[in-house]
A.B. asks: 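So that we are looking at the same thing, I have put the structure below in structure tokens.
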Amino acid sequence: MPPKSLTIALAGNPNSGKTTIFNNLTGTRQKVGNWPGVTVEKKEGHLTTNGHHLTIVDLPGTYSLTAYSIEEIVARDFILDEKPDVVVAVIDASNLERNLYLATQLRELDTKVIFVLNMADVATQRGAKIDRHKLSELLDVPVVLTVGNKNKGTRELLETIISVAESDRTIPRTRRVYYGKDIEKAVDELSEFIRQRARSKVPYNIRWVAIKLLEGDRIVKKRISKAADPHGQAILIEAKWKRERLREFFDEEPEIVMTDHRYGFVAGIVQEVLKTVSEKRADVSRQIDQVLTNRLLGLPIFVFFIWAMFQLTFSLGAYPMDWIEAGVGWLSQVLRQGLPESIVRDMIVDGVIAGVGSVIIFLPNILVLFFCIALFEDTGYMARAAFLMDKVMHLIGLHGKSFIPLLMGFGCNAPAIMATRTLESEKDRILTILINPLMSCSARLPVYILLAGTFFGAKAGNAILSIYALGILLAILMGRLFRSTLLRGEVAPFVMELPPYRAPMLKGLLIHMWDRSKIFLRKMGGVILIGSVVVWFLSSFPLEVNYSRNYDRQIETPGSQYRAPIFKDQGDLLKQPVMSRDNADVSLKAQRALEKVEGSYMGQLGKLLAPIFAPIGMDWRGSVAVISGFVAKEIVVSTMGVLYAVGAEGAEKSEAFKLALRRSGMTPLSAYAMMAFVLIYVPCLATVAAIKRETNSWRWALFSIGYSTTLAWLVAFVIYQGGRVVGLG
Ligand code: GDP
Ligand code: MG
């Protein structure tokens, strides 16, 4: 006998352990996270057992089967359209009531259902005792107990799946939610109406369809109007009419009344099957939450954690940074002395090593940052952060759920933009996508660390934090602006899920940290390497130029009335050897090198752009650096490494780099304006691509480029010129 093919779907609340059970069944390793919304797309796995070939599908986590969010739609459509042989409802037994809400709804679809009481260990720990036989009897479903992370109960589950799939017993639906006399009457009448006109055409349980139509479910409406053709319209009109009547009768939306009945139904079941053995037993999560999500303390504590994270990122990262720096310096010196003098040597030392080297030294900072984020995620604190931010998010017209992609933006905007898929409304999604690049990603961190480290000394950490805060503030302002103009809409109701706190495992933390840092390293060998070589090329050629010739003309360009101090100093640099004043031995060589760069393609481009960037306090080198940063924002630093540190030698290269920055005429004020500009201006290539992909339109991608660059210039202008007015520059 050939193996029989069965399709098994796993459905359940986020964080109930679906993916864990999926992995137990299939033996694969999908990402498991203590984090609602980890599984957005459904995943498939296979196994063969006792002559059955099983396809297991891990559906996205949902709280109900309405059509509010993409996850709910994905999960529901799969069950309705693919008609799996068995649906396994994974229930977090330690949170019985809320989890049963979904499970009981699954039971109302035309499909065979098994209830799995997972997290049986947590439930026991909390002193909860669930009578599974009673539950099974009450709802007429098989109930299996499991402890997912210990792989307990997997065998029994597998056996139950197969026996349920094999049995051809139809599922009795006697014990179902009773919606009260008036609604039940409407449901019955509407069901009959549908049955008479389109019985064979409606592919779903008709009672269920009638209920959904009375609730005004937009997706079911669409499906039915198509499937029940030519009677689709008549059915919709009938449903609408009945819905209106119910609304008048209850003086409330019918779906709200129906939801109440469902909760009541579930509460009744819980009353029957759940016995709490000892009420006194401490619920640790709840106690921790009394502090961490406290109405008064919660937000300050959250801000403190974020502050501590950046302090740690900056201070802890500084030690290995020195070592890597020394290593890079040593390498470049050895190569310079060891290789014969040639263009290739210059390209390797001044292009590749100077460029990649100036970025790679930030790896420790990035590791620390990602470690902290992994810690927040794995302990369950991240969900609290979203919960706390719910009120703040309402300022933008979004709810706490949008905070998750925004927070992920601090790591990298591109995946963060993908994470907006968990949002219900299209407008919320686009809004969240548009403001996401204002969350300062880790690629921008090297720029801040370089500039703040050079110009703000001990206050560098605070300066950087203020840039992050500026990004958040602008996100709120722009969010409000977009919400009231381009993307008008209501905030959909939403309750944030709070998973229990769990002690993180070091291994998990390291894996999460590494997963994200890998992207940074991969960029090192890819775009940053290539970018550095291109920048080096453009700044080294043409080889012979008459450098100082067009310089004066440039300064006097009419219209550049905002003359940044940089230009003054550069003029000094050319006329008198400023460098030699402090550093006698490098002067002449460095000056020659600088003049060469000024005449290069890069220098010419920079000078062309100078009138645009001068008012925000950036010299031509800075302008070229930010332009090259469109490819990837780390390249801003590597370009600056090539352009500013030019002519500096050997191990003291990074010190010379900083010195050169200070000498270039950059002040703390112009450095800060540049940091702000880098924060806000055009998202990097990967992010623009993600915006295009996720909004499915070039319009939003181009809009994002345009608005961010304009905003960046304006903000930098206000900072720089404002600062000069009050005497900071
Ligand atoms: P999903 O969102 O439903 O896919 O949930 P996951 O499979 O990602 O699990 C969420 C978290 O619960 C993970 O940290 C799992 O290790 C943990 N977990 C899963 N099953 C159990 C269980 O039976 N007991 C305990 N204590 N933890 C579990
Ligand atoms: Mg999952």
A.B. asks: Between Trp323 and Pro364, is there a side-chain heavy-atom distance shorter than 4.5 Å?
C.D. replies: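 Pro364 does not reach Trp323 side chain to side chain.
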A.B. asks: I'd like to know if the side chain of Arg345 reaches the main chain of Arg336, judged simply by a donor and an acceptor atom lying under 3.5 Å from each other, with no hydrogens or angles considered.
C.D. replies: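 It does hold such a pair.
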A.B. asks: Check whether any side-chain heavy atom of Val626 lies under 4.5 Å from a side-chain heavy atom of Phe613, and answer yes or no.
C.D. replies: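 Yes, side chains in contact.
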A.B. asks: Taking Gly706's backbone N and O only, do any of them form a donor-acceptor pair with Thr709's side chain (distance below 3.5 Å, no angle check)?
C.D. replies: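 No; judged by distance alone, with no hydrogens or angles, the pair does not exist.
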A.B. asks: Once you round to the nearest 0.5 Å, how far does NZ of Lys459 lie from CG of Leu465?
C.D. replies: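 Between atom NZ of Lys459 and atom CG of Leu465 there are 14.5 Å.
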A.B. asks: Run through Val636, Leu669, Ile616, Ile719 and flag the one making a side-chain contact (heavy atoms from CB on, under 4.5 Å) with Met674.
C.D. replies: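 Among the candidates, only Val636 passes.
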A.B. asks: Rounded to the nearest 0.5 Å, what's the gap from CD1 on Ile353 to CG on Leu529? Could you check?
C.D. replies: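 If I round to the nearest 0.5 Å, the distance is 10.5 Å.
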A.B. asks: Check Pro668 against Phe456 and note the closest heavy-atom contact, atom names and distance.
C.D. replies: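 In terms of heavy atoms, the two residues are closest at O-CZ, 3.5 Å.
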A.B. asks: Measure across Ser704 and Ser708 and return the closest heavy-atom pair with its distance rounded to 0.1 Å.
C.D. replies: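 For Ser704 versus Ser708, the nearest heavy atoms are O-OG, 2.7 Å.
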A.B. asks: To the nearest 0.5 Å, what is the distance between OG1 (Thr667) and CG (Leu661)?
C.D. replies: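 With rounding to 0.5 Å, OG1 (Thr667) is 12.0 Å from CG (Leu661).
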A.B. asks: Please lay out, stage by stage, how Leu510 and Phe371 fare under the test side-chain contact (heavy atoms from CB on, under 4.5 Å).
C.D. replies: CA-CA 7 Å; Leu510 294 177; Phe371 186 85; 4.1 Å; yes
A.B. asks: Would you give the length of the straight line joining atom CG of Leu509 to atom CG of Asp378, rounded to the nearest 0.5 angstrom?
C.D. replies: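 Between atom CG of Leu509 and atom CG of Asp378 there are 5.0 Å.
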A.B. asks: Once you round to the nearest 0.5 Å, how far does CG of Leu339 lie from CG of Asp346?
C.D. replies: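 Rounded to the nearest 0.5 Å, the CG-CG separation comes out at 10.0 Å.
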A.B. asks: Is Tyr381 close to Ile288 at the side-chain level, that is, under 4.5 Å between some pair of heavy atoms?
C.D. replies: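 No, side chains not in contact.
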A.B. asks: Is the backbone N or O of Pro405 less than 3.5 Å from a side-chain atom of Asn436, with the two atoms forming a donor-acceptor pair by type?
C.D. replies: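 Yes, because the side chain of Asn436 sits within donor-acceptor range (under 3.5 Å) of the backbone of Pro405.
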A.B. asks: Using 30° and 60° as the class boundaries, would you call the ring planes of Phe410 and Tyr468 parallel, tilted or perpendicular?
C.D. replies: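 Plane angle between 30° and 60°, so tilted.
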A.B. asks: Given the rule in the side-chain contact (heavy atoms from CB on, under 4.5 Å) test, do Met478 and Leu438 qualify, once you have shown the distances and angles that lead to the verdict?
C.D. replies: CA-CA 10 Å; Met478 296 315 288; Leu438 289 169; 4.2 Å; yes
A.B. asks: Please find the pair of heavy atoms, one from Leu406 and one from Met439, that lie closest to each other, and give the distance.
C.D. replies: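 The answer is O-CG, 3.2 Å.
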A.B. asks: Could you check whether Phe717 and Trp713 have their ring centres less than 6.0 Å apart?
C.D. replies: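 Yes, the ring centres sit under 6.0 Å apart.
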A.B. asks: What pair of heavy atoms forms the shortest contact from Val678 to Arg444, and how long is it?
C.D. replies: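 The pair with the smallest heavy-atom distance is O-CD, 3.4 Å.
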A.B. asks: Given the rule in the side-chain contact (heavy atoms from CB on, under 4.5 Å) test, do Leu312 and Cys372 qualify, once you have shown the distances and angles that lead to the verdict?
C.D. replies: CA-CA 9 Å; Leu312 212 62; Cys372 293; 4.1 Å; yes
A.B. asks: Give a yes or no answer on whether the side chain of Ser600 reaches the backbone of Leu538 with a donor-acceptor pair at less than 3.5 Å.
C.D. replies: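 It does hold such a pair.
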A.B. asks: State the CG-CD1 distance between Leu679 and Ile472, to the nearest 0.5 angstrom.
C.D. replies: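 Rounded to the nearest 0.5 Å, the CG-CD1 separation comes to 10.0 Å.
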A.B. asks: Is the distance from the ring center of Phe630 to that of Tyr681 below 6.0 Å?
C.D. replies: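 Ring-ring flag for Phe630/Tyr681: false, centres at least 6.0 Å apart.
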A.B. asks: Quick check: closest heavy atoms across Met602 and Thr639, and the distance to 0.1 Å?
C.D. replies: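 In terms of heavy atoms, the two residues are closest at CE-CG2, 4.1 Å.
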A.B. asks: Does any part of the side chain of Val349, heavy atoms only, come nearer than 4.5 Å to the side chain of Gln333, both counted from C-beta?
C.D. replies: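 No, too far: nothing below the 4.5 Å cut-off.
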A.B. asks: Distance-only, no hydrogens or angles: does the Ser670 side chain make a donor-acceptor pair with backbone N or O of Met666 under 3.5 Å?
C.D. replies: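 Side chain of Ser670 to backbone of Met666: no pair is present.
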A.B. asks: Just so I know, are the side chains of Leu445 and Ser440 near enough to count as touching, which here means a heavy-atom distance under 4.5 Å?
C.D. replies: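 No, every pair of side-chain atoms sits at 4.5 Å or beyond.
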A.B. asks: Is it true that a side-chain atom of Lys633 and a backbone atom of Cys684 form a donor plus acceptor pair closer than 3.5 Å?
C.D. replies: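 Pair absent, no side-chain N/O of Lys633 close to backbone of Cys684.
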A.B. asks: Taking Thr454 for its side chain and Leu450 for its backbone only, find out whether a donor-acceptor pair lies under 3.5 Å.
C.D. replies: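 Checked: pair present.
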A.B. asks: Is a side-chain donor or acceptor of Asp619 paired with a backbone partner of Gly665 at a separation under 3.5 angstrom?
C.D. replies: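 Side chain of Asp619 to backbone of Gly665: no pair is present.
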A.B. asks: Identify the two heavy atoms, one from Ala676 and one from Ile467, that lie closest to each other, and give their separation to 0.1 Å.
C.D. replies: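 So the minimum-distance heavy-atom pair works out to N-CD1, 3.7 Å.
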A.B. asks: Out of the candidates Val688, Leu434, Ile705, only one should pair with Trp700 under the side-chain contact (heavy atoms from CB on, under 4.5 Å) rule; please name it.
C.D. replies: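 Between Trp700 and the candidates, side-chain contact (heavy atoms from CB on, under 4.5 Å) is satisfied uniquely by Leu434.
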A.B. asks: Would you indicate whether the side-chain heavy atoms of Lys692 and Leu702 approach each other to under 4.5 Å?
C.D. replies: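 No - every pair of side-chain heavy atoms lies 4.5 Å or more apart.
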A.B. asks: Begin with the C-alpha distance, continue with both residues' side-chain angles, and end with the deciding distance and a verdict on side-chain contact (heavy atoms from CB on, under 4.5 Å) for Phe677 and Leu711.
C.D. replies: CA-CA 9 Å; Phe677 187 85; Leu711 183 68; over 6 Å; no
A.B. asks: Is the distance between the ring centroids of Tyr672 and Phe455 less than 6.0 Å?
C.D. replies: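 Tyr672 vs Phe455: aromatic centres not under 6.0 Å.
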A.B. asks: Please tell me if the side chains of Phe370 and Trp514 come closer than 4.5 Å, counting only heavy atoms from C-beta onward.
C.D. replies: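 Sidechains of Trp514 and Phe370: no contact.
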A.B. asks: Can you find a pair of side-chain heavy atoms, one from Val715 and one from Leu470, that are under 4.5 Å apart?
C.D. replies: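 Yes. Closest side-chain heavy atoms under 4.5 Å.
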A.B. asks: Ignoring hydrogens and angles, tell me if any N or O in the side chain of Glu634 forms a donor-acceptor pair with the backbone of Pro446 under 3.5 Å.
C.D. replies: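 No; judged by distance alone, with no hydrogens or angles, the pair does not exist.
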